[in-house]
Structures are given as structure tokens and as C-alpha cells.
Engineer: 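My structure is below; once you've seen it, I'll send some questions.
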Amino acid sequence: MEKREELYRGKAKTVYRTDDPDLFIMHFRDDTSAFDGKKVAQLPRKGMVNNTFNAFIMGKLAEAGIPCHFVKRLDERDSLVRRLDMLPIECVVRNVAAGSICRRLGVQEGMDLVPPTFELFLKNDALGDPMINDSHVASFGWATPEQVARARELTFQVNDILKKLFADAGMILVDYKLEFGTFNGELMLGDEFSPDGCRIWDAQTRQKMDKDRFRQDLGDVIETYEEVGRRLGMSFG
Ligand code: UDP
């Protein structure tokens with residue numbers, strides 16, 4: 001698979017065209033950012049760790065029947081993915097209250113959310129990724145009602161699969177963000193799943209094992225991502 005020109009440079013990944021118009025290469029860089037790009041840093045090994053992490057999780061999800069853009073990991077920092085037309089929305093499921101829901105609703109961090117909540121956000125850094133609902137999505141044409149319903153269904157299916165995976169390895173999947181797109185009309189999971197886009201706590205100590213370590217200057221960011229991966233059965237180079 002030949003890597004061609006750069007198509008899109010995000011905050012932590014770069015997407016390249018390939019010689020196949022249906023396939024892109026997703027390159028994971030060491031850049032990290034938080035607070036809509038206001039806090040940035042370079043964390044050595046992060047690209048390698050997140051590429052490995054994402055490949056492992058996407059593999060588990062695909063095995064469980066979730067349609068994913070992920071095709072295969074190519075090398076340390078690159079993965080091959082299907083070219084999706086992305087929906088400009090983020091789907092967030094929360095099993096435990098943390099982050100923005102605590103600020104918005106004044107609830108205590110750590111409160112169990114039963115049933116888990118489902119939230120939609122507009123993918124727009126300049127606006128601070130505002131929270132939106134199905135009605136906004138329909139009025140502004142960001143997705144069809146059927147696509148939103150399917151994205152919600154898939155997001156909850158992912159929750160059933162991953163909550164158990166993390167629980168079996170002694171961790172709590174607190175919350176996570178997914179992005180979807182279409183490939184030949186079919187809605188598929190796109191983007192990535194790594195500790196950059198979810199919250200993971202140790203089940204015993206409730207120690208934070210995700211990007212909150214970077215957001216809150218807790219240290220050992222990448223070492224902790226690797227610890228999460230090792231507990232799930234990954235090995236890093
Ligand atoms: N998230 C993300 N990208 C975003 C916004 C949120 O990956 O642009 C993830 C975040 O890491 C967390 C979940 O989505 O796992 C919920 O984030 P929240 O709404 O609590 O926002 P935050 O506290 O991260 O600002």
C-alpha cells in the first residue's frame with residue numbers, strides 16, 4: 001500500500017491518501033492536546049502507543065460485529081483505514097460522571113450513571129465542541145435521523161463490549177467519545193479509540209489512567225496508557 005499526499009492534519013493524527021481511493025493511512029503522531037487545542041505537548045512514544053492501542057480495541061470491536069473503518073495496523077505509527085465521509089458530531093457515553101457533565105450539571109465526579117447517558121457534541125474546536133441534540137442535527141443537516149439512531153445504537157453496543165473488557169482487566173470505562181462516518185452508505189465507526197478519547201479508572205483505587213493525566217498534570221501519561229494496554233493484553237515495542 002503506497003502512502004501518497006497528506007490529506008488532513010488533525011491535532012494528534014495525520015491522514016494520508018493511498019494508491020487505493022477507498023483506503024487512507026492514519027498516522028499517529030506524538031502530539032497531544034486538550035481543552036480544544038489550548039493545551040498542547042509532545043509526548044514521546046505516544047503515537048506508537050495509541051496506534052497499537054487503537055488497533056487492539058478496533059480489532060475487538062470488529063470481532064464483536066461492530067462495523068469499523070479500521071483495516072489493519074501497518075507499522076509502529078500507521079494504520080490502514082477505509083475512507084469514510086465523517087459526520088461532524090461526537091457521540092459520548094458515560095457510565096460514571098466525570099469531566100464536562102460534572103461542570104454542566106453540578107454532579108459529583110464518580111457518581112454511577114444508571115442507565116449510562118448518551119450525549120451529542122458538534123465537532124467544532126472554535127466553538128468549544130458545544131453540546132447538541134437530535135433536533136439540531138436534523139435542522140442543520142449534520143446527519144439524518146436514521147444515522148443518529150444507528151450511531152447511538154452502535155455507541156451503546158460498543159459500551160457493552162468495552163465495559164466488560166476493561167472490567168475483566170481491573171478497570172472502569174468511565175466515558176468515551178466515538179465518531180462515525182459512512183462508507184458506501186453504511187454507517188461505520190471511524191476515528192480512534194485510545195486513552196486520549198475515553199476515561200479509564202483503576203477499579204480498586206480509582207486512579208486516572210487516561211488523558212486526564214495530561215489535562216490535570218498528573219504525570220506518567222504514556223507510561224499509564226501502556227499500563228492500561230498491558231492489562232488488556234497488548235504489548236508495546
Ligand atoms: N472527548 C474527546 N474529544 C473531545 C471531547 C471529549 O475525546 O473533543 C472525550 C473525553 O476524553 C472523555 C469523553 O469524551 O472521555 C467525555 O468528555 P467530556 O464531555 O467530559 O469533556 P472534557 O471533560 O474532556 O472537556
Side-chain angles (χ1 to χ4, degrees), residues 8-13 26 28-29 31-41 43 46-47 49-51 53-54 57-58 61 69 86-113 115-133 136-137 142 151-152 154-156 158-159 161-163 165-167 171-181 189-202 206-218 221-222 224-225 228-229 232:
Y8 172 77
R9 189 179 167 90
K11 293 192 289 289
K13 301 190 292 294
M26 214 163 64
F28 289 74
R29 307 195 311 273
D31 300 320
T32 196
S33 72
F35 311 120
D36 302 313
K38 288 190 219 44
K39 176 173 178 169
V40 295
L43 300 175
K46 181 191 170 235
V49 169
N50 276 5
N51 185 38
F53 199 106
N54 177 62
I57 297 288
M58 289 280 172
L61 295 176
H69 75 152
M86 296 303 291
L87 306 182
I89 57 180
E90 302 184 336
C91 299
V92 171
V93 160
R94 300 174 193 273
N95 296 304
V96 177
S100 73
I101 200 170
C102 298
R103 297 192 291 274
R104 266 184 286 121
L105 303 182
V107 295
Q108 192 79 34
E109 180 178 270
M111 179 187 173
D112 284 331
L113 300 172
T117 62
F118 177 81
E119 298 168 339
L120 291 172
F121 296 88
L122 179 66
K123 214 175 143 57
N124 186 324
D125 274 346
L127 298 178
D129 288 351
M131 194 177 186
I132 53 173
N133 63 27
H136 297 116
V137 177
W142 291 318
R152 182 187 168 109
L154 289 172
T155 304
F156 277 118
V158 167
N159 200 37
I161 300 160
L162 295 188
K163 227 168 47 170
L165 190 80
F166 281 93
M171 294 173 283
I172 302 168
L173 180 59
V174 170
D175 60 29
Y176 57 91
K177 181 262 304 177
L178 301 181
E179 293 180 29
F180 293 90
L189 177 60
D191 193 46
E192 68 175 278
F193 192 101
S194 75
D196 273 359
C198 66
R199 288 192 171 91
I200 303 155
W201 294 351
D202 178 85
R206 297 212 150 195
Q207 182 203 9
K208 293 178 177 172
M209 306 185 77
D210 52 72
K211 196 154 94 175
D212 273 349
R213 300 202 70 81
F214 172 68
R215 293 188 189 97
Q216 300 174 11
D217 297 317
L218 299 175
V221 179
I222 299 310
T224 312
Y225 286 18
V228 174
L232 294 171

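Every number for a ligand or one of its atoms is a count from 1 in the order of the listing. Keep in mind the model is a prediction, meaning the values are calculated, not measured.
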Engineer: Of all the heavy atoms in Asp196, does at least one lie under 4.0 Å from an atom in ligand 1?
Structural biologist: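 It does; at least one heavy atom falls under 4.0 Å.
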Engineer: Between the candidates Lys177, Glu90, Arg103, which shows the shortest non-hydrogen contact distance to atom 5 (C) of ligand 1?
Structural biologist: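 The nearest heavy atom belongs to Glu90.
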Engineer: Is the shortest heavy-atom distance from the side chain of Asp36 to the side chain of Asp129 under 4.5 Å?
Structural biologist: yes
Engineer: Could you check if a side-chain atom of Ile89 sits within less than 4.5 angstrom of a side-chain atom of Phe121, using non-hydrogen atoms only?
Structural biologist: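 Contact flag for Ile89/Phe121 side chains = no.
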Engineer: Please determine whether a side-chain nitrogen of the Lys or Arg among Glu109 and Arg199 lies less than 4.0 Å from a carboxylate oxygen of the Asp or Glu.
Structural biologist: no
Engineer: Using a 4.5 Å cut-off on heavy atoms from C-beta on, say whether the side chain of Thr155 contacts that of Tyr176.
Structural biologist: yes
Engineer: Applying a heavy-atom cut-off of 4.0 Å, say which part of Ala98 lies close to ligand 1: side chain, backbone, both or neither.
Structural biologist: backbone
Engineer: Report yes or no: does a heavy atom of Arg199 sit under 4.0 Å from some atom of ligand 1?
Structural biologist: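 Yes.
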Engineer: Angle class for the Phe193/Phe166 ring planes (parallel below 30°, perpendicular above 60°, tilted otherwise)?
Structural biologist: tilted
Engineer: I'd like the name of whichever of Gly99, Pro195, Ser100, Ala34 reaches closest to atom 19 (O) of ligand 1 through any heavy atom.
Structural biologist: Ser100
Engineer: Record the part of Lys211 in heavy-atom contact with ligand 1 below 4.0 Å; permitted values are side chain, backbone, both and neither.
Structural biologist: neither
Engineer: Which atoms of ligand 1 are found less than 4.0 Å from any heavy atom of Cys198?
Structural biologist: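 This gives 11 (O), 15 (O) as the contact atoms.
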Engineer: Give the contacting part of Glu119 toward ligand 1: side chain, backbone, both or neither, where contact means a heavy-atom distance below 4.0 Å.
Structural biologist: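 Answer for Glu119: neither.
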Engineer: With side-chain contact (heavy atoms from CB on, under 4.5 Å) as the test, would you mind laying out the steps for Leu218 and Gln207 before giving the verdict?
Structural biologist: CA-CA 10 Å; Leu218 299 175; Gln207 182 203 9; over 6 Å; no
Engineer: Flag Arg104 as yes when one of its N or O atoms lies below 3.5 Å from any N or O atom of ligand 1, and as no otherwise.
Structural biologist: no
Engineer: Establish, for the pair Lys39 and Phe214, whether the NZ or CZ atom is under 6.0 angstrom from the six-membered ring centre and no further than 45 degrees off its axis.
Structural biologist: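 Judged by the rule (NZ or CZ under 6.0 Å from the ring centre, within 45° of its axis), Lys39 counts as positioned above Phe214.
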Engineer: What residue and atom, counting heavy atoms only, is the protein's closest point to atom 10 (C) of ligand 1, and at what distance?
Structural biologist: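 Looking at atom 10 (C) of ligand 1, the protein heavy atom closest to it is Arg215 NH2, 3.5 Å.
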Engineer: Does the residue Lys123 have a heavy-atom contact with ligand 1, meaning some pair of atoms that are separated by less than 4.0 Å?
Structural biologist: no
Engineer: Please find the pair of heavy atoms, one from Asp175 and one from Arg94, that lie closest to each other, and give the distance.
Structural biologist: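 That closest heavy-atom pairing would be OD2-NH1, 3.5 Å.
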Engineer: Can you tell which part of Asp210 has a heavy atom less than 4.0 Å from ligand 1: side chain, backbone, both or neither?
Structural biologist: neither
Engineer: Quick one: do Asp31 and Lys11 satisfy side-chain contact (heavy atoms from CB on, under 4.5 Å)? Show the steps, please.
Structural biologist: CA-CA 7 Å; Asp31 300 320; Lys11 293 192 289 289; over 6 Å; no
Engineer: Between Asp36, Asp175, Val174, flag the one that comes closest to atom 15 (O) of ligand 1 by a heavy atom.
Structural biologist: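 It is Asp175 that holds the nearest heavy atom.
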Engineer: Please report which non-hydrogen protein atom sits nearest to atom 8 (O) of ligand 1, along with the residue it belongs to and the distance in Å to one decimal place.
Structural biologist: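 Its nearest protein heavy-atom neighbour is Asp129 OD2, 2.9 Å.
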